[in-house]
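The structure under discussion appears below in the form of structure tokens.
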Number of protein chains: 2
Amino acid sequence: MATTTEENYLKAIYHLNGDRDGKSLRTNELADYLVIAPSTVSNMLVKLSEKGLIEYQKYGRITLSHSGEEIALSVLRKHRLWETFLYEKLGFTWDEIHDVAEELEHINSQKLIDKLDELLGYPEYDPHGDPIPKANGQSRETYKKTLSMAELGKPYQIVAVKNTSVEFLQYASEIGIELEAKISVNSRLDFDGSMEIEIGGTARTVSQKVAENVYVG
Amino acid sequence: MATTTEENYLKAIYHLNGDRDGKSLRTNELADYLVIAPSTVSNMLVKLSEKGLIEYQKYGRITLSHSGEEIALSVLRKHRLWETFLYEKLGFTWDEIHDVAEELEHINSQKLIDKLDELLGYPEYDPHGDPIPKANGQSRETYKKTLSMAELGKPYQIVAVKNTSVEFLQYASEIGIELEAKISVNSRLDFDGSMEIEIGGTARTVSQKVAENVYVG
DNA sequence: AAATATTTTTATACAAACCTAAATATTATT
DNA sequence: AATAATATTTAGGTTTGTATAAAAATATTT
Ligand SMILES: [Mn+2]
Ligand SMILES: [Mn+2]
Ligand SMILES: [Mn+2]
Ligand SMILES: [Mn+2]
């Protein structure tokens, strides 16, 4: 069995190798993401590699092995099912669920997760719009079009958010950014990438950074 | 904050000091209960004592401090609420819930436990008949009368079970021992304390050990 | 009350997960 | 291609929670 720490590494590697354009994942990037020292990561990479959970050799690129990816997907499945539970059944808001799910995802019980899935009615997406991997490890691909890439004047719907920090999600809620909300871009300012949008009938200005964290479809 | 291990120690001390008749709790008994070496316990006792969570000095008796008891009760509350959730909402059987709750009880989120309590309708007892401590730390006293102490011929109801091992609970279910079941003792054999009982209309023989693990009222 | 047995503590060690600082390898710049 | 900058690993330490074996304290038996 993988420890909680190992599971978090595998999930991080899966995540960081997900939306990248070819660039190979390296020690420092993982260390930054996990907010720990590069030397700690370096040691752990040797251990994960010895356990057959990642493909890796000194100074090289970091990728998951087949069994490593299986674990990463199962932890991600648990994470997103718990988030859905907290949101749907316990009335948590979407900015409160991530941190708690970060702990719950490490509870070991196949029956628990199967029954939770059943209780929730086999949801396909979590409250941030992210796809929930299936029990067999199948997972839908992630979204590609962000609000910052949207065409001017065209009507869109919000399908997911990228960032799950409390700060972003609370701000997003305040300005009406929520799943399935109708949204369109009126204009884009070349200088800083900020844009005038219309959301729920109200006109707003959002920064490029915000626009890059909203997926539309 | 207490670590998961510390929480488990405090809960164990609370439990072992609960149904005892004056005998003072000592290192070896704790070590046996937790299935770890006495030296490990000895070291941990010094740490817990330094943290002000227990009253203890070398070679002496072990009791919880006020703040130690607060933590023990809050962990016990979480444990029993989770057990109730698994049983009521996810269809687990009463022999499957303890081990999973043993992990879930260490998740840190006040909101999570408050909302769980609400979802369950503020239950008073867990699926083993044990009282669930209130949020303010109040807890009903534990039961005193076991089946082995019952009067012959008198009608009783099962109110709780003492042992939560899979082996005991599965056997108990098989012979009709479940909460609220009507039960009476026909005869008791002095030789080994075994007894003839009638439960749900069926006559059975149970050992003294089984009878000591069933609470009636 | 001595001797013996038992319990508890102390000394020492190990694994996991982290750290800082130093050494080394890789990459970028001149 | 040599030098400088950056990334990564290695060396050496810390903390938490565990273990075994030896020492010391307490309890029991003779
Ligand atoms: Mn996690
Ligand atoms: Mn999510
Ligand atoms: Mn526990
Ligand atoms: Mn219980």
Side-chain angles (χ1 to χ4, degrees), chain A residues 1-13 16-17 20-64 68 71-72 75 102-103 105-108, chain B residues 1-13 16-17 20-64 68 71-72 75 102-103 105-108:
Chain A
M1 270 300 101
T3 65
T4 292
T5 304
E6 288 168 353
E7 286 187 347
N8 285 334
Y9 271 83
L10 296 175
K11 199 157 61 93
I13 294 167
L16 292 173
N17 270 331
R20 92 183 16 258
D21 3 272
K23 283 181 297 178
S24 63
L25 175 58
R26 278 138 32 262
T27 304
N28 266 5
E29 191 179 351
L30 239 188
D32 275 3
Y33 181 76
L34 295 171
V35 195
I36 53 182
S39 60
T40 304
V41 171
S42 199
N43 289 328
M44 180 60 89
L45 291 176
V46 172
K47 197 174 84 172
L48 291 173
S49 171
E50 280 167 357
K51 281 196 170 190
L53 298 173
I54 62 172
E55 315 282 1
Y56 171 73
Q57 48 217 43
K58 267 205 237 182
Y59 299 100
R61 62 202 89 275
I62 305 159
T63 54
L64 292 174
I71 294 174
V75 176
E102 202 58 49
E103 296 189 50
E105 71 189 0
H106 303 290
I107 304 288
N108 283 313
Chain B
M1 270 299 103
T3 65
T4 291
T5 304
E6 288 169 352
E7 286 187 346
N8 285 335
Y9 272 82
L10 295 175
K11 197 157 61 95
I13 295 167
L16 293 173
N17 271 330
R20 93 182 16 256
D21 5 273
K23 283 180 298 179
S24 62
L25 175 58
R26 279 141 28 264
T27 304
N28 265 6
E29 192 179 348
L30 238 187
D32 276 4
Y33 181 76
L34 294 170
V35 196
I36 53 182
S39 60
T40 304
V41 171
S42 201
N43 289 329
M44 180 59 90
L45 290 176
V46 172
K47 197 174 84 172
L48 290 174
S49 171
E50 280 167 355
K51 280 196 170 190
L53 298 173
I54 63 172
E55 314 284 359
Y56 172 73
Q57 48 218 45
K58 267 205 231 178
Y59 298 100
R61 63 202 89 277
I62 305 160
T63 54
L64 292 175
I71 294 175
V75 177
E102 204 57 48
E103 294 190 51
E105 71 189 1
H106 304 290
I107 304 288
N108 284 314

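Letters go in sequence order (proteins before strands), and every chain restarts at 1.
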B:Thr5 and B:Met44, any side-chain heavy atoms less than 4.5 Å apart: yes
Whole angstroms only, please: what is the [atom1]-[atom2] distance between [X] and [N]?
| X | N | atom1 | atom2 | answer |
| --- | --- | --- | --- | --- |
| B:Leu30 | C:dT8 | CG | P | 10 Å |
| A:Leu25 | D:dT8 | CG | C1' | 13 Å |
| B:Glu6 | D:dT18 | CD | P | 10 Å |
| A:Asn8 | C:dC18 | CG | C1' | 14 Å |
| B:Leu48 | D:dT18 | CG | P | 11 Å |
| B:Asn43 | D:dT20 | CG | C1' | 12 Å |
| A:Lys47 | C:dA15 | NZ | C1' | 9 Å |
| A:Ile36 | D:dA7 | CD1 | C1' | 16 Å |

Pairing partner (Watson-Crick or G-U wobble, both distances under 3.5 angstrom) of D:dT30: C:dA1
Trace of the side chain to side chain contact (heavy atoms under 4.5 Å, CB included) decision for A:Ile54 with A:Ile13: CA-CA 9 Å; A:Ile54 62 172; A:Ile13 294 167; 3.9 Å; yes
OP1, OP2 of [N] versus side-chain N and O of [X]: anything below 4.0 Å?
| X | N | value |
| --- | --- | --- |
| A:Asn28 | D:dT8 | yes |
| B:Arg26 | C:dT7 | no |
| B:Thr40 | D:dA19 | yes |

Test item: B:Asn8 side-chain N/O and B:Glu102 main-chain N/O as donor-acceptor pair under 3.5 Å: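 Answer holds: no.
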[X] side chain, from C-beta outward: closest of [options]:
| X | options | answer |
| --- | --- | --- |
| B:Tyr9 | D:dT8, D:dT18, C:dC18 | D:dT18 |
| A:Met44 | C:dT7, D:dT10, C:dA17 | C:dA17 |
| A:Thr5 | C:dA17, D:dT18, C:dC19 | C:dA17 |

Donor-acceptor pair (no angle test) under 3.5 Å: B:Ser39 side chain, D:dT18 base: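 Check fails, no donor-acceptor contact within cut-off.
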For residues 24-32 of chain A, run the donor-acceptor check on the side chains, cut-off 3.5 Å, and write out each pair with its distance to 0.1 Å, sequence neighbours left out.
unit_1: A:Ser24; atom_1: OG; unit_2: A:Arg61; atom_2: NH1; d: 3.1
unit_1: A:Arg26; atom_1: NH1; unit_2: A:Ser24; atom_2: O; d: 3.3
unit_1: A:Glu29; atom_1: OE1; unit_2: A:Arg20; atom_2: NH2; d: 3.1
unit_1: A:Glu29; atom_1: OE2; unit_2: A:Arg20; atom_2: NH2; d: 2.8

Side chain to side chain contact (heavy atoms under 4.5 Å, CB included) assessment of A:Tyr33 paired with A:Val41: CA-CA 11 Å; A:Tyr33 181 76; A:Val41 171; over 6 Å; no
Write out a two-atom table: protein N or O, nucleotide N or O from nucleotides 23-26 of chain C, distance below 3.5 Å.
unit_1: C:dA25; atom_1: O4'; unit_2: A:Tyr59; atom_2: OH; d: 3.1

Least distance between heavy atoms, A:His106 atom then A:Glu7 atom: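 Shortest heavy-atom contact: ND1-OE1, 2.6 Å.
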Partners passing side chain to side chain contact (heavy atoms under 4.5 Å, CB included) against A:Glu103 (at least two apart in sequence or in another chain):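 For A:Glu103 the side chain to side chain contact (heavy atoms under 4.5 Å, CB included) partners, ignoring immediate neighbours, are B:Ile107, B:Asn108.
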